[in-house]
Each structure stands twice: as structure tokens, then as C-alpha cells.
2 protein chains.
Amino acid sequence: MANSDSGESIIARFVRILSAFDDRHQTMSVAELGRRTGLPVTTTYRMVNELLLERLLEREPGGEVHIGTRMWELVSRGSKMVGLREAALPFMEDVQSVVQHATTLGILDSDEVLYIERIGTHSTVVDISKIAGRLPLHATSSGLILLAHSPAAYQDVILARPLTKYTDTTLTEPAVLRRHLADIRQRGFAAMPGVIVPETTGIAVPVFGPDNTAVAALSVIVPRTEEHTAARVPVLMAGARGVSRALGWRGELKGTVRQSQ
Amino acid sequence: MANSDSGESIIARFVRILSAFDDRHQTMSVAELGRRTGLPVTTTYRMVNELLLERLLEREPGGEVHIGTRMWELVSRGSKMVGLREAALPFMEDVQSVVQHATTLGILDSDEVLYIERIGTHSTVVDISKIAGRLPLHATSSGLILLAHSPAAYQDVILARPLTKYTDTTLTEPAVLRRHLADIRQRGFAAMPGVIVPETTGIAVPVFGPDNTAVAALSVIVPRTEEHTAARVPVLMAGARGVSRALGWRGELKGTVRQSQ
DNA sequence: ACGGCGATTACCATTGAACGGGAATCACGA
DNA sequence: TCGTGATTCCCGTTCAATGGTAATCGCCGT
């Protein structure tokens, strides 16, 4: 695909470069970037310069580089994420104002939950969901909601894999999980106490798109000591219906998750 | 830079492809993408396939493509925008809840205002700011705030350019603008009635970063019939100070805009 | 001032990935 | 059935990309 010894395409290398940046390393020297990506020095510098030309990367006064404004702009303008986020945000705020704990919006991507948005306090509760962060399907309430509304064939694939047991309440038995999924699908919500972090409980409900598939999961993360699940589910559901309607949803029947890869 | 007849690098073509997607065209067939980018057919298909491999683009059931989740994820995770947005959002909500009109957060980028975030009703007021949208510096309250806190040399550059007169209240005279900028800088806010759309007034205040430079502008857009500028400025200022502090700002002195490019 | 070390830039011969025209194939509606 | 457009396949040409080596810059400690 490319001229490189390793047989990588430029695009692949570009992804490697982008991947080198995360919330912990949003800016770094080109040399460090080279080390993190494992690319040859010269190649790193050449590519960085090309990317700087297009403003996909930007150079700081000190010489360090970070992901460019242009990059964010192009992606935000053309991506469907922003639309989903914008549709959901007002309702998330409503939910958040009532529940008073972290509220998140997640989608199913590459067999994981990808969190699109999250609002609410950062510190009151131990919670590891962050924007653009990923968590496994079987160990989060959002993941279980998304899985529950997925085609059976897809569920089978996921359940057939080795499932990490994060805490002693994490479900890893395919048969048990399958029963849970049926439950979740029928009741319309997933409440999972401490499946990934012992101290917290996640409660999630599905958000539907126009084609009646579950496109996202709306969830709240509350301390396990004050779950009040029964009281909180209706709030979440109302919010999720609001989001669904904002997305053009009209129906009533339960649907299946739209797969993205 | 590349092997193409046009002498374009792959990166440049990649940008062309990304640019082909916007809020009006978030998904399209590969053929249409080829037409919009002006790239040769074969090249378009080859590149699209490469991008699909890396999940920078995604293919829909119908065969159309759109910007991939991976793309959004990589950028959101590594970009500083998200941090700024997250810091600002709670305060923007406070402002919005009081003002009850569109509230926006914009930064200075490439001699324009780039809107990072906006919340509030979509329909009550004619307003053209949208997330990842751009507007000129001299014709928006946010732009004037950012400009007012920029180095004099930069102001000169901008004011020396031909400035479009959108409405009859749009200021285009360098001398007049310069006086306004001084005013704005001193008072700490910019209130511009109908400079770009006759029916609305924008009110903006600066957000400062740790180094005491103005990193963003917080603004509200209200119908011109109910400005209440005097009453609204304090709310905005309180919000902006909150954001500034969340960003690590401590100082009190007025600073200058941090340039990006 | 000097010396050492890492970051950055400059140079350059090699080569295979990228290129794109053209034709075949597929998809779908008339 | 035909026609139009989207998509894939094929393939010879070529120069952009590659990455090693070496020079240069910049900073810190002595």
C-alpha cells in the first residue's frame, strides 16, 4: 500500500500519529511522537511537516505539536456524532438536573461502548467513562442495553468471546448474560450494580433512531449506596424518548441496534 | 509531494475528502465524493477503500460513505477542543438558563471565529452560528472580543483587509473599528446589534487561559427587540470567569489572544 | 567557554506504492 | 430489453515517499 518497508500506507501511519495523542498526551515534541508511534525519525518529521501544512497538526511556540483546529473542525462539521450529541444534550441536562450524577450517552462501535457525551460532576463518584472513551459491552449498563437491542447473531458473537470479570458482580456466563439481555430488552432498561467499578451502579435505557433501531444508550452512573433504580428509570426513559423523537423516531416497537462495523 | 499529476500529497487529498463532508452532506456515494473533490474516479475509489480500512470513513448499508466513528474518536480524544468545551459547558448552561437564548463559545482561528460549542434554542432567533461553523471577526461580537484582546500587530493585519459590510450596522472603517476595539477591551464586553443579521444582537465577553491570554469568547445571541445589554453582560461575565477559572486562570489583568496560526 | 546529548534539519540514492486511463461488471429503473 | 451511472478490475508508468547517514541547532551542566 505504500512505499514503506513495513508495508504500511500513509493513511495507516496517519492514524498511528493521531493515535499517539490522547487525553494524557495532547501535546508532545516531534521526537517523542516518533518514539510513541515507532515510526522512523525522518519519516516522522516529514509527515509532521506535511500535516502542519494542512493544519491537521499545529505547532506550539515551544515547538511541540498537537492536533490541529482544522482537524477538529473538519470532523465536527461532517460527522454524524455532532448531530446526535446536539439532539441529546438538552435531554441529558434534564436528566442530569434531576439525578445529580454523571449522565452519559454511548453508542456501539467496534464491539465496545463508545461514549459520545457525558455531563455531570467529575469527582463525586468513581467513574471511568469519559468522552471518546471506550468500555466493554458486557460490563456496562450502556453496553448491555446496546447489546440487548442487537441482532441475536451479533449477541452470539460477543458472548462467545472471553469476557473479562472486573468485579464479582460482572456477568461473564453466556447463558446468564443471555437471560439478562432478554430481561433488559423486555423491561426497557439495564441496571448493573458495580459490574466494572464496585462502588457504582449504571442505569441505562435505549435511544431509538428513525428506523427504530437502538442508536445509542442514555445512562446515569450513581453511587451504589443510593441507587433508587425504580425512581430513576422513568426519568431516563423520558429523556431517551425525547432524544429519540429529536432524531426523528416515531414508532413504538422495539428495534435492533444499527451496527457500525 | 506525491505521485499525483496535480502534485498533491496524499494528506492534501485526504483533507479534500474530509472537506467534502459538511452538515448538509454528511453522507454520499463514492461517485459523488469524487465529483465534489474533483479527484479522478479511480483515485477516489482507491483512497476511499484505504480510509475504510482504517475506519476513518464508514460504509452504510446502501453503499454510501460517511466520516467514520474512528475519526471522531481519535480527534476527540487527542484534541484540546474537548477540554475547553467540557470546561465551558456547565457555565454556558448557567448563562443559557438565565438568558434563554442561544449561547455560544468561539475561538480565533485562521482569522475567523470558529464556534466550538453552542447551546440553546435553534429556532427562536435567526442565527447562523453553528458548531464548527465560521464567521468573520469584524462582524460578530465574539470576533470583536477576540480581536480586541489580540496583539496590535494582528489587529492591523485584519483591519487592513477588505471588510464585508453585511448590514448597515456592520463596521468596516478601520479607524472606527479601532476605536471600538479599544472600548471593548476596556469595558470587557462587545455588544453588536445586527452586524451580520439585522434582527439579532450579539453580546460577547472574553474567556482567559492560565497564561492570561483570551482563549475564547463566550457570547449570547438575542433578538434585537429585547437586548437588555446592561442586564446581560454581568451574567456573561460571571460565566466567563467561571470558565476561565476552570481552565486554570488565576490572574486579573487583561491579556492578549493566543494566536493559532 | 567547552563539551555532551537530544532534538531537529539537510541530503540523497533507491524503489515500489500510488497513479489514472480504460474497460468490464454490476445495479437499477425505464 | 436497454441504458445510464456507480463500482470494480487491470496494468504499465513514474516520481513521491522512504529512511539511512550526517550536519546543525539548542540547551544544560561543569
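Letters A, B, ... are given to chains in the order of the sequence lines, protein chains preceding strands, and every chain is numbered from 1. Quick caveat, the model's predicted, so the values are computed rather than measured. These numbers come from the heavy atoms of this one structure, side chains and all, not from hydrogens, waters or symmetry mates.
In terms of modelled atom types and a separation under 3.5 Å, the side chain of B:E50 and the main chain of A:S9 share no donor-acceptor contact. Between the side chain of B:R185 and the backbone N or O of B:H149 there is no donor-acceptor pair closer than 3.5 Å. Side-chain atoms of B:R134 come within 3.5 Å of backbone N or O of B:D109 as a donor-acceptor pair. Using a distance-only test at 3.5 Å, with no hydrogens or angles considered, a donor-acceptor pair links the side chain of B:R16 to the main chain of B:T37.
Side-chain N/O atoms of B:S79 and A:Q26 include no donor and acceptor closer than 3.5 Å. In this structure, a donor-acceptor pair under 3.5 Å is present between the side chains of B:R55 and A:S110.
Nucleotides of DNA chain C nearest to A:I11 and A:E64 differ in position, and the one nearer the 5' end is that of A:E64.
Rounded to an integer number of Å, the gap from CG of B:N49 to C1' of C:dG20 is 15 Å. What separates CE of B:M28 from C1' of D:dA6 is a distance of 15 Å, to the nearest Å. Whole-Å rounding puts the A:E60 CD to C:dA7 P distance at 17 Å. Rounding to whole angstrom units, CD1 of residue B:I10 and P of D:dC15 are separated by 16 Å.
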What pairs of nitrogen or oxygen atoms, one from the protein and one from nucleotides 22-27 of chain D, lie under 3.5 Å apart?
none

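A:A204 pairs by the side chain to side chain contact (heavy atoms under 4.5 Å, CB included) definition with A:S141, A:S142, A:I145, A:S219, not counting sequence neighbours. A search for salt bridge (Lys or Arg N to Asp or Glu O under 4.0 Å) contacts involving A:E54 returns nothing, not counting sequence neighbours.
Nearest heavy-atom pair, A:Q155 versus A:L147, reported as atom, atom and distance to 0.1 Å: NE2-O, 2.9 Å.
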Study note, to complete from the structure: Scoring nucleotides 24-30 of chain C by protein non-hydrogen atoms under 4.0 Å (B base, S sugar-phosphate only, - none) yields -------
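Among residues at least two apart or in separate chains, ring-ring contact (aromatic ring centres under 6.0 Å, His included) pairs with a member in residues 11-66 of chain A are A:F14-B:F14.
Salt bridge absent: A:E86 and B:R118 never bring a charged side-chain N and a carboxylate O closer than 4.0 Å.
Listed by residue number, A:P40, A:T42, A:T43, A:R46 are the residues of residues 31-46 of chain A with a heavy-atom contact under 4.0 Å to DNA chain D.
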